[in-house]
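Just so it is clear, the model here is predicted, and its values are computed rather than measured.
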Amino acid sequence: AQSVSQHNHHVILSEAASLELGCNYSYGGTVNLFWYVQYPGQHLQLLLKYFSGDPLVKGIKGFEAEFIKSKFSFNLRKPSVQWSDTAEYFCAVTGVRGSARQLTFGSGTQLTVLP
Amino acid sequence: GAGVSQSPSNKVTEKGKDVELRCDPISGHTALYWYRQSLGQGLEFLIYFQGNSAPDKSGLPSDRFSAERTGGSVSTLTIQRTQQEDSAVYLCASSFSPNSPLHFGNGTRLTVT
């Protein structure tokens, strides 16, 4: 079965700082990769996804993520964060076939952006 | 139409009682997931339904937990003989197909006293 590791549990940044949140997965087959975000008091929503093609994917609100297959990583980046980016961010992975189709989430990274 | 709907939004129950949590997915979505979100624990996969296939129950933490999905639509998660460690937010999500993005409900906050 697949697993996802997010090593940063809590990240605190000042506005305009650059962001990179780490995500590593463990699965031997082809994967689909996702980042979800949960803003305070709101439900989880999709930020961006990677299925195939260009490994650099762009999502909403200026976020992007790069799939590096050799490193089993899918790190989330944003050049300049805003106070409104304060939220919890979850990386998720699913295999593309069989019993690995269930979506597995990492433990999440709480991002706090100071004004 | 409407998004994923979960009820109740909050449930307080005494230890040892049974509870049922309901999820109404988005119409036409074939995939349905249950997750548990505990403070500091992230999202824990519980169970996954896909169309008429047998559900993937590999995430259910004990035999006190069960779930069903009737008619390929509404799902009910049942926790029998609740324990304090069952306290968490239980999230339901659905998607159009297995690899489509998930749409989450607002969750049911379960508190076992």
Notebook entry, point to check: Does one hydrophobic cluster hold both A:Leu13 and A:Leu76, with members joined at side-chain heavy-atom distances below 4.5 Å?
Noted result: yes

Checklist line | A:His43: partners by ring pair (Phe, Tyr, Trp, His ring centres under 6.0 Å), with sequence neighbours left out | finding: none

Next item on the list: Side chain from CB out, backbone as N, CA, C, O: work out which of these in A:Gln38 comes under 4.5 Å of a heavy atom of chain B, or both, or neither.
Entry: side chain

Check: For A:Leu46, is it the side chain, the backbone, both or neither that has a heavy atom under 4.5 Å from a heavy atom of chain B?
Finding: side chain

Margin query: Tell me whether the count of non-hydrogen atoms from other residues, nucleotides or ligands lying under 6.0 Å of CG in B:Asn52 goes above 12.
Written below: no

Notebook entry, point to check: Does atom OH of A:Tyr39 have more than 12 heavy-atom neighbours from other groups under 6.0 Å away?
Noted result: yes

Margin query: Taking ring pair (Phe, Tyr, Trp, His ring centres under 6.0 Å) as the definition, give me every residue that meets it alongside B:Phe65, ordered by chain and number, with sequence neighbours left out.
Written below: none

Next item on the list: Over all heavy atoms of both residues, which pair between A:Tyr36 and B:Leu102 is shortest? Give the atoms and the distance, please.
Entry: OH-N, 2.7 Å

Notebook entry, point to check: So, does B:Tyr35 use its side chain to make a donor-acceptor pair with the main chain of A:Phe105 at under 3.5 Å?
Noted result: no

Item checked: Contacting region of B:Ser58 [heavy-atom separation from chain A under 4.5 Å] -> side chain

Note to self: Check this for me: B:Glu14, atom CD, are more than 12 non-hydrogen atoms of other residues, nucleotides or ligands nearer than 6.0 Å?
What the structure shows: no

Check: Which members of residues 104-113 of chain B, sorted by number, sit under 4.5 angstrom from chain A on a heavy-atom basis?
Finding: B:Phe104, B:Gly105, B:Asn106

Note to self: Using the rule that Ile, Leu, Val, Met, Phe, Trp and Tyr join whenever any side-chain heavy atoms are under 4.5 Å apart, tell me whether B:Leu32 and A:Leu44 fall into a single cluster.
What the structure shows: no

Check: Among pairs that include at least one residue of residues 69-85 of chain A, which meet salt bridge (charged side-chain N to carboxylate O under 4.0 Å, His left out), considering only residues two or more places apart or in two chains?
Finding: A:Glu64-A:Arg77, A:Glu66-A:Arg77, A:Lys78-A:Asp85

